[in-house]
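First the structure, in the form of structure tokens, and then the observations on it.
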Amino acid sequence: MSTPIQSTGRLPQAGMGGRQPAQLADVLERVLDKGIVIAGDIQINLLDIELLTIRIRLLVASADKAREMGIDWWEGDPFLGRGKSPALEDRIKRLEAATGLEDGDGNEPGRREESEKSG
Amino acid sequence: VSDAVTPRAETGSGWYVYGVVPAAAASDELLTGTTAIDASGAVAFVADGELAAITSVVPLAEFGEAAIKQNLHDGVWLEQKVTGHEAVLETALARAPLVPFRFGTIYRGEEQVRQMLRANAYLSETLQRLRGTVELGVKAFLDPEEFERGQLGDASEEPGDSGRAYLLRKQRDRQLAEARAAFTAVFAQESHDRLAAAAEDARANPVQRPEVSGGEMILNGAYLVRSDREEAFRTALATLQSINQPEGVRYELTGPWPPYNFVDVEPEQ
């Protein structure tokens, strides 16, 4: 019990908002970027998730400083900001169109429709 | 053409899946004290055969295809839901082996969840493999000042603002930077290897930026450790700490975590 290792240990009753930013980074890293991926019925656009995890990897980071300064850590990030970034949305749409991931209206061709009909 | 996509709000409910446990472990006790990812719901099992999914019924107005796409951009929402997902799994983790799902796996009905359990036999194999293990995280940080002191010993800095002193300081800084880069590269690999030797499996993940960790992170590792070898793992870590402390290295242990780092990310169907 006398190891000099600092252990953050299990989080006491892991409630929401009770985490330190450093721990939040660990959580985001795992929950959004790891864990088993099995297709659900609700499709989250792959490109969205990918962009998100890239942003998370770069961003989680700023939490500490930002909170110290009394601002939310995602503020100022064009992707995680509360408002949408028209430029980024536009870029995503163009990428989607180019890669054939989606049609222009955000519908994935030939997917999920059938489950609606038969279900 | 249009600058904004206005999502059609979906109505009805979806089944959010946090993870999967063996059906034999799926008792109410396992979920005692959990709070659902959506305040309106509860956490409950959907079981089929040997497996049970930990689920919550969620409103599609919030978790439907269009809505979730929007919500992912909302930092407050995202932090809350991601923390909620983790909290449920942490509670269950204490009493059963589990396969953690990535955030946002949602089905249209209970029957679809059962189908998923039936269609994915490898979930049972994964649970078998994970039985009796925990995921531990180890982060290592380098204190640049301590590292410098360790490198320079008592050598004092050339005082003054002469051209000569300036050049010497420049040279020293360059040498220190090189020594530090060399040290961190070797150190990270060595530490990771030693910890991996005390674990069943290991992953070295990208380091986090200094702003979050409050220091220069040089190792961000995840280790799958047998519960009965956890003490040995901690001893290995303590040994590393005592060896590397003089160089300005500090280790931080986190967990136990659901084994996020040790499930196939996209398993073969």
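We name chains A, B, ... by the order of the sequence lines, and we start the count at 1 in each one.
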Residues that B/S124 engages under side-chain contact (heavy atoms from CB on, under 4.5 Å), provided they are two or more places apart: B/E50, B/L51
Side chain from CB out, backbone as N, CA, C, O: work out which of these in B/I68 comes under 4.5 Å of a heavy atom of chain A, or both, or neither. side chain
Please name all residues satisfying ring pair (Phe, Tyr, Trp, His ring centres under 6.0 Å) with B/Y18, sequence neighbours left out, ordered by chain then number. B/Y16, B/H85
What part of B/F63 is in contact with chain A, defined as an atom under 4.5 angstrom from a non-hydrogen atom: side chain, backbone, both or neither? backbone
Establish, for the pair A/R30 and B/W257, whether the NZ or CZ atom is under 6.0 angstrom from the six-membered ring centre and no further than 45 degrees off its axis. yes
Applying a strict 4.5 Å limit to non-hydrogen atoms, the region of B/L60 in contact with chain A is side chain
Chain A contact via B/V82 - which portion, at a heavy-atom distance below 4.5 Å: both
For B/E135, is it the side chain, the backbone, both, or neither that has a heavy atom closer than 4.5 Å to a heavy atom of chain A? side chain
Enclosure of B/R118 CZ (heavy-atom neighbours >12, cutoff 6.0 Å): yes
Sub-3.5 Å donor-acceptor pair from the side chain of B/D48 to the main-chain atoms of B/L117, do we have one? no
